**Q** 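Okay, handing you the structure first.
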Amino acid sequence: MKIESWLFGTGVFFFVPVSIVYGFLTDWKEWVGILGILLVGGLAGMIGAYLGFTGKRVGMRPEDRDDAEIHEGAGEQGHFSPWSWWPLVLGLACAGGFLGLAVGFWILFVAAGLAVVALVGWVFEYSRGDHAH
């Protein structure tokens with residue numbers, strides 16, 4: 001993960017000066033672009049720091065070594081829930097939220113309630129029912 005953390009970490013040193021140059025080019029009147037570019041730099045820094053800390057904790061992966069074999073990357077890569085319906089419900093709630101912003105503000109409250117239900121259901125999916133541990 002050394003290359004990934006370096007790649008995202010250098011994004012900070014690119015996007016922060018670009019936002020300053022952009023500020024000078026727009027005479028500091030267009031704040032959305034300045035803040036957007038600064039936030040992209042901050043996001044790149046956070047991802048780079050996370051990958052750097054994770055790389056130190058996990059160690060070298062087969063993808064990081066030149067002499068690695070294909071079979072070294074085989075096996076379980078993570079824990080996924082292919083049977084879960086909660087992401088679909090959460091996506092519909094987000095779509096309803098955007099619909100509420102565009103059509104009627106009262107729809108946003110209904111969608112926010114549905115989003116809370118979907119988030120709680122997704123988080124506690126393995127705490128109850130057939131898949132409880």
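Note that the structure is predicted; figures quoted are calculated from it, not measured. Hydrogens, waters and symmetry mates are skipped; everything else that's a heavy atom, side chains included, is used.
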**Q** Taking the side chain as everything from C-beta on, heavy atoms only, tell me whether Ile3 gets closer than 4.5 Å to Asp64.
**A** no
**Q** Could I get the full list of ring pair (Phe, Tyr, Trp, His ring centres under 6.0 Å) partners for Trp28, not counting sequence neighbours?
**A**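 Trp28 satisfies ring pair (Phe, Tyr, Trp, His ring centres under 6.0 Å) with Phe24 once adjacent residues are dropped.
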**Q** Is Trp85 isolated, or which residues cluster with it under the ILVMFWY side-chain rule of less than 4.5 Å, directly or via members?
**A** Leu88, Leu92
**Q** Glu72: which residues meet the salt bridge (Lys or Arg N to Asp or Glu O under 4.0 Å) condition with it, sequence neighbours left out?
**A**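 By the salt bridge (Lys or Arg N to Asp or Glu O under 4.0 Å) rule, Glu72 matches Arg65.
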**Q** Only distances under 3.5 Å count here; give the side-chain donor-acceptor pairs of residues 10-21 to other protein atoms, sequence neighbours excluded, each with its distance to 0.1 Å.
**A**
residue : atom : partner : partner atom : Å
Thr10   : OG1  : Trp6    : O            : 3.2
Thr10   : OG1  : Leu7    : O            : 2.9
Ser19   : OG   : Val16   : O            : 2.7

**Q** Among pairs that include at least one residue of residues 93-122, which meet salt bridge (charged side-chain N to carboxylate O under 4.0 Å, His left out), considering only residues two or more places apart or in two chains?
**A** none
**Q** Applying side chain to side chain donor-acceptor pair (under 3.5 Å), name anything that partners Ser84, two or more places apart in sequence or on another chain.
**A**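 Partners of Ser84 by the side chain to side chain donor-acceptor pair (under 3.5 Å) criterion, ordered by chain and then number, come out as Glu125.
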**Q** Which residues satisfy the ring pair (Phe, Tyr, Trp, His ring centres under 6.0 Å) test with Tyr50, sequence neighbours excluded?
**A**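 Testing Tyr50 for ring pair (Phe, Tyr, Trp, His ring centres under 6.0 Å), a comparison that skips the adjacent residues, returns none.
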**Q** May I ask you to list the residues sharing a hydrophobic cluster with Phe98, side-chain cutoff 4.5 Å, ordered by chain and number?
**A**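 ILVMFWY cluster around Phe98 also holds Leu101, Phe105, Leu108, Phe109.
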**Q** With sequence neighbours excluded, what pairs up with Glu63 under the side chain to side chain donor-acceptor pair (under 3.5 Å) test?
**A** none
**Q** Apply side chain to side chain donor-acceptor pair (under 3.5 Å) to Arg57 and list each qualifying residue two or more places apart in sequence or on a separate chain.
**A**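 Scan of Arg57 (side chain to side chain donor-acceptor pair (under 3.5 Å), adjacent residues dropped) gives none.
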**Q** Mind jotting down which residue pairs meet the salt bridge (charged side-chain N to carboxylate O under 4.0 Å, His left out) criterion with at least one end in residues 4-24? Sequence neighbours excluded, please.
**A**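 Passing the test, one end in residues 4-24: Glu4-Arg61.
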**Q** My understanding is that only residues two or more places apart in sequence, or in another chain, count here; which of them pass side chain to side chain donor-acceptor pair (under 3.5 Å) with Asp27?
**A**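 Testing Asp27 for side chain to side chain donor-acceptor pair (under 3.5 Å), a comparison that skips the adjacent residues, returns none.
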**Q** Work out which heavy atom in Ala68 is nearest to a heavy atom in Pro62; give both atom names and the distance.
**A** CB-O, 3.1 Å
